[in-house]
Visitor: 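Please see the structure below; I have some questions.
Order of listing sets the numbers, starting from 1, for every ligand and every atom in it.
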Amino acid sequence: MARIVQKFGGTSVGTLDRIRNVARKVEAEVKAGHEVAVVVSAMAGVTNQLVQNCTDLNRIHDPKEYDTVVAAGEQVTSGLLAIALQTIGIPARSWLGWQLPLRTDDTHGKARILGLDTGAVVERMAAGEVAVVAGFQGIDANGRITTLGRGGSDTSAVALAAALNADRCDIYTDVDGVYTTDPRIVAKARKLNRITYEEMLELASLGAKVLQTRSVEMAMKHRVPVQVLSSFAEETGSALPGTLLVDEDRNVEELLVSGIAYSRDEAKITLVGVADRPGVAAGILGPLAEAAINVDMIVQNVSADGRTTDLTFTVGKADLDRTCQVLDAARAGLGYQRLVADSNVVKVSVIGVGMRSHAGVAQRMFKALADRGINIQVISTSEIKISVLIAEEYTELALRALHTTYGLDQA
Ligand code: ASP
Ligand code: MG
């Protein structure tokens, strides 16, 4: 007997038929003699609609009420799945975030999990009842409902699996695993059987949308055996299992690059004619940090005349207007000549733990892009990833070229 956490995403619970299908997947684990807890997302599209409703009433709404509203989608699916399970003779009950409770801080809209009490759930699971937990939601110390950020039910599932010390955390989604890159863009993308926690963390934070970044952080920290797989496997005829998250020493695929991610959520800012003296970069980035604007890639050019230079960096597209505002307000103190904003950019990243021990990975990337006439605007690297900023129109071309360059194309 094992203890299993299953998580089903929005498309997997998108209709009543699909909820019945999910109930059968839960039934299979129960019939195999396992203790099962299930975490569900809201039905596909529901959370977006709820967010929209808040914004339509007031663009700048109370984040506490936002959380009360958007958490509702998961309340519905947890109850519906419990009914579907009971209907086929499987004892089940729903658990909302506050009922567990799953305790969070009070950062509404993006709350962090502080702790999760599983006592009551464990007792009832041992008695053969399936726990159907509403993902994405928790409760703060003030007794207010919180949510964990978009895509947060992945994190609910991993947190529950960690707290339950589960043998497996199966994340069911609408793709059958983690791919080398987005298969909608690169037809030759292939599914990875295994990927290291670290690589998955980079992939998720650099734009791959399979798992919420925080869920991977948590899985890595607690070494939760996470598996990403399709809830439509029978329909698509794909062979289980999906992709397993593993420690580096268990990763046998040994690819130099395991994945290529891209993000269209970045915008580029160039400050032209900034004084070239100590303290200037700090002077520019300080006000942005105070405004809670995250700066990602940064380059400072050498100054031709020794007096002024250009500073280029990227921020989230959603923060672009605010960034310009902040920099404009601080212009007198900073003394730059001109601000140039460009949101027609994409960040493309290649990721692989293999880079740690092999030279020339970056050079191959730059050459592949140069051969296709793609200009690199900004570069940033870490031990296991290289990111470049390029013009958005080259996204597809760059992804395909890099996929081939690193030998990832499916035969
Ligand atoms: N329903 C939430 C969202 O759409 C949480 C999730 O699906 O993971 O972001
Ligand atoms: Mg998701």
Visitor: Could you report the tightest heavy-atom contact between T77 and V40, atom names first, then the distance?
Guide: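 Residues T77 and V40, closest heavy atoms: OG1-CG2, 3.6 Å.
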
Visitor: Establish, from distance only, whether the side-chain atoms of T312 and T270 form a donor-acceptor pair under 3.5 Å.
Guide: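 Side-chain D/A pair, T312 to T270: present.
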
Visitor: Show which side-chain atoms of residues 387-398 pair as donor or acceptor with protein atoms under 3.5 Å away, not counting sequence neighbours.
Guide:
{"residue": "S387", "atom": "OG", "partner": "S349", "partner atom": "OG", "Å": "2.8"}
{"residue": "E392", "atom": "OE2", "partner": "R264", "partner atom": "NE", "Å": "3.2"}
{"residue": "T395", "atom": "OG1", "partner": "E392", "partner atom": "O", "Å": "2.5"}
{"residue": "E396", "atom": "OE2", "partner": "R264", "partner atom": "NH2", "Å": "3.4"}

Visitor: For atom CZ of R112, is the number of surrounding heavy atoms from other residues, nucleotides or ligands below 6.0 Å larger than 12?
Guide: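 Atom CZ in R112 is not crowded, with 12 or fewer foreign heavy atoms closer than 6.0 Å.
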
Visitor: Report, in ascending order of atom number, the atoms of ligand 1 lying under 4.0 Å from any heavy atom of R150.
Guide: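 Matching atoms, with element in brackets: 3 (C), 4 (O), 9 (O).
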
Visitor: Do me a favour and list the nearest non-hydrogen protein atom to atom 6 (C) of ligand 1 with residue, atom name and distance?
Guide: S153 OG, 2.9 Å

Visitor: Please confirm whether E74 comes within less than 3.5 Å of ligand 1 when only nitrogen or oxygen atoms on both sides are compared.
Guide: yes

Visitor: Decide whether D105 and T107 meet the rule of one side-chain donor and one side-chain acceptor closer than 3.5 Å.
Guide: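 Checked: D105/T107 side chains pair up, N/O donor to acceptor below 3.5 Å.
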
Visitor: Identify, by atom number and element, the atoms of ligand 1 in contact range of S41, meaning under 4.0 Å from any of its heavy atoms.
Guide: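 Listed by number with element: 6 (C), 7 (O), 8 (O).
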
Visitor: Closer than 4.0 Å to some heavy atom of G151 - which atoms of ligand 1 meet that?
Guide: 3 (C), 5 (C), 6 (C), 8 (O), 9 (O)

Visitor: Compute the minimum heavy-atom distance from G9 to ligand 1 and say whether it is under 4.0 Å.
Guide: no

